[in-house]
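One structure is given below, encoded as structure tokens.
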Amino acid sequence: MSVKLLKQSAVSNPNLLINGDFQVWQRGTSFNITNNSKFNYCADRWRVYNGFTASKSSNGGITVKGANVLQQVLENKLESGKKYTISARIDGTIRIMTFTAGTTSSDTYFSYDATSNAVGVYLSSSANRSLNLVKLELGSLATTFVSKSYVEELTLCERYYQKYSYMMVRNLTSTPGVLYGGFPLRARMRIKPNYYSVLKTSQGTNISSDLADYYLNDNAVNYIQMKTNKLDCMAIETLNLDAEIY
């Protein structure tokens with residue numbers, strides 16, 4: 001066995017991507033997006049810029065059709081001038097590309113955009129393409145993909161997106177008719193997130209349009225704060241917090 005093959009079989013470098021084996025699907029497991037004028041996210045941390053269909057594969061990974069590239073934007077810049085390697089199982093075959101950070105690069109299967117600090121896998125617009133085990137690592141060798149536990153991967157994803165459902169928030173003040181309360185987030189978010197929600201009174205009346213009395217305070221990377229003068233308790237049917245990179 002050559003020294004190169006021995007190193008590849010014995011060492012696994014850390015994966016600089018999150019959710020590279022597509023374990024986490026907080027937004028759902030099937031998508032049919034027709035909007036081709038903005039970035040859309042599907043599996044956690046993965047975005048496309050086009051109309052597309054995507055779904056969680058029954059044997060693991062993701063199946064995508066109709067988009068030009070599936071991307072992940074890195075929060076931290078890659079070190080300019082250093083060699084990095086991206087690898088993935090594409091339609092059942094492992095593919096590999098090595099590139100130099102700071103210089104936009106691409107080949108048949110992969111892309112690296114130095115301006116947006118994004119790495120991606122090229123897709124077919126006319127046929128389903130199956131992807132799994134996408135890995136970005138420092139150096140010129142593609143080493144073994146080692147999966148994290150679901151809990152570890154979910155915690156990393158929740159810096160960028162969190163979903164809550166069926167929570168009751170009760171009055172924390174002594175003033176009748178005023179609700180002032182909240183709850184800590186499961187993980188600290190990257191920035192103060194955008195939010196999308198369905199809110200109801202304890203009797204089930206939908207008050208989602210009453211957003212003037214429901215807000216994220218300035219410390220919302222850690223904590224959600226709610227205030228309303230209309231009721232003493234509020235049910236959160238769904239609450240999606242989006243701090244992704246667009």
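Note that the numbering runs from 1 along the sequence shown for the chain.
- Counting only distance, with no hydrogens or angles, the side chain of Glu153 and the backbone of Tyr150 share no donor-acceptor pair below 3.5 Å.
- Under the 3.5 Å distance criterion, with hydrogens and angles disregarded, no donor-acceptor pair is assigned to the side chains of Arg89 and Asn132.
- Looking at every heavy atom in both residues, Tyr84 comes nearest to Ala101 through CE1-CB, 3.6 Å.
- Checked against the 6.0 Å centroid threshold, Tyr109 and Tyr122 do not count as a close aromatic pair.
- There is no path of hydrophobic side-chain contacts, each under 4.5 Å, that joins Ile62 to Leu133.
- At least one side-chain heavy atom of Phe145 sits less than 4.5 Å from a side-chain heavy atom of Asn15.
- Nearest heavy-atom pair across Ala187 and Gln162 is O-NE2, 2.8 Å.
- Proximity of Leu136 to Phe99: side-chain heavy atoms (C-beta onward) are separated by under 4.5 Å at one or more points.
- In this structure, the side chains of Asp91 and Asn128 stay at 4.5 Å or more apart for every pair of heavy atoms.
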### Message
Please determine whether side-chain hydrogen bond (donor to acceptor under 3.5 Å, both in side chains) holds for the pair Thr53 and Asn32, giving the CA-CA distance in whole Å, both sets of side-chain angles, and the decisive distance to 0.1 Å.
### Response
CA-CA 4 Å; Thr53 61; Asn32 187 354; 6.0 Å; no
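- To the nearest 0.5 angstrom, Gln72 atom CD is 10.0 Å from Asp44 atom CG.
- Judged by distance alone, the side chain of Gln26 and the main-chain N or O of Tyr161 form a donor-acceptor pair under 3.5 Å.
- Residue Thr63 forms a side chain to side chain donor-acceptor pair (under 3.5 Å) with just one option from Ser55, Ser130, Ser57, and that option is Ser57.
- Side-chain atoms of Thr98 and Thr85, non-hydrogen and from C-beta on, do get closer than 4.5 Å to each other.
- Residues Arg129 and Ile90 have side chains in contact (heavy-atom distance under 4.5 Å, counting atoms from C-beta outward).
- By the criterion of side-chain heavy atoms lying less than 4.5 angstrom apart, applied directly or through intervening Ile, Leu, Val, Met, Phe, Trp or Tyr residues, Tyr195 is grouped together with Leu185 in one hydrophobic cluster.
- Because its NZ or CZ atom is not both nearer than 6.0 Å to the ring centre of Tyr160 and within 45° of the ring axis, Arg190 does not count as a cation-pi partner of that residue.
- Minimum heavy-atom separation, Ala43 to Phe31: N-CE1, 4.4 Å.
- Following chains of ILVMFWY side-chain contacts shorter than 4.5 Å, one can reach Phe110 starting from Leu16, so the two form part of one hydrophobic cluster.
- Here the side chains of Lys135 and Thr143 are in contact, with some heavy-atom distance below 4.5 Å.
- Asn13 has its side chain out of reach of Leu138: every pair of non-hydrogen atoms, C-beta onward, lies at least 4.5 Å apart.
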### Message
Under the criterion side-chain hydrogen bond (donor to acceptor under 3.5 Å, both in side chains), I'd like the reasoning laid out for Thr155 against Glu152: C-alpha separation, chi angles, the key distance, then a yes or no.
### Response
CA-CA 5 Å; Thr155 299; Glu152 289 177 292; over 6 Å; no
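- Listed for the Ser105 side chain is a donor-acceptor partner under 3.5 Å among the backbone atoms of Thr103.
- By the criterion of side-chain heavy atoms lying less than 4.5 angstrom apart, applied directly or through intervening Ile, Leu, Val, Met, Phe, Trp or Tyr residues, Trp25 is grouped together with Val48 in one hydrophobic cluster.
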### Task
Check the pair Val69, Leu123 against side chain to side chain contact (heavy atoms under 4.5 Å, CB included), reporting the backbone distance first and the verdict last.
CA-CA 5 Å; Val69 64; Leu123 304 169; 5.6 Å; no
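- In terms of modelled atom types and a separation under 3.5 Å, the side chain of Trp46 and the main chain of Asn19 share a donor-acceptor contact.
- Of all non-hydrogen atoms in Thr100 and Tyr112, the two that sit nearest each other are O-CE2, 3.9 Å.
- In the hydrophobic clustering of ILVMFWY residues, with side-chain heavy atoms under 4.5 Å counting as a link, Val24 and Met189 come out apart.
- With sequence neighbours left out, Arg186 forms a salt bridge (Lys or Arg N to Asp or Glu O under 4.0 Å) with Glu158.
- Counting all heavy atoms, side chain and backbone alike, Asp113 lies closest to Thr115 at OD1-N, 2.9 Å.
- Between the side chain of Gln23 and the backbone N or O of Lys148 there is at least one donor-acceptor pair closer than 3.5 Å.
- The only option from Lys83, Lys82, Lys77 that meets the salt bridge (charged side-chain N to carboxylate O under 4.0 Å, His left out) definition with Glu79 turns out to be Lys82.
- The two residues Thr104 and Ala114 come nearest to each other via the heavy atoms OG1-N, 3.1 Å.
- Using a 4.5 Å heavy-atom cutoff, the side chains of Val134 and Val121 are in contact.
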Throw together a table of side-chain donor-acceptor distances under 3.5 angstrom for residues 235-246, partners on residues two or more places apart or in other chains.
{"unit_1": "Glu237", "atom_1": "OE1", "unit_2": "Lys200", "atom_2": "NZ", "d": "2.8"}
{"unit_1": "Thr238", "atom_1": "OG1", "unit_2": "Val198", "atom_2": "N", "d": "3.4"}
{"unit_1": "Asp242", "atom_1": "OD1", "unit_2": "Glu244", "atom_2": "N", "d": "2.9"}
{"unit_1": "Asp242", "atom_1": "OD2", "unit_2": "Tyr246", "atom_2": "OH", "d": "2.5"}
{"unit_1": "Glu244", "atom_1": "OE1", "unit_2": "Tyr41", "atom_2": "OH", "d": "3.2"}
{"unit_1": "Glu244", "atom_1": "OE1", "unit_2": "Arg45", "atom_2": "NE", "d": "3.4"}
{"unit_1": "Glu244", "atom_1": "OE1", "unit_2": "Arg45", "atom_2": "NH2", "d": "3.0"}
{"unit_1": "Glu244", "atom_1": "OE2", "unit_2": "Arg45", "atom_2": "N", "d": "3.4"}
{"unit_1": "Glu244", "atom_1": "OE2", "unit_2": "Arg45", "atom_2": "NE", "d": "3.4"}

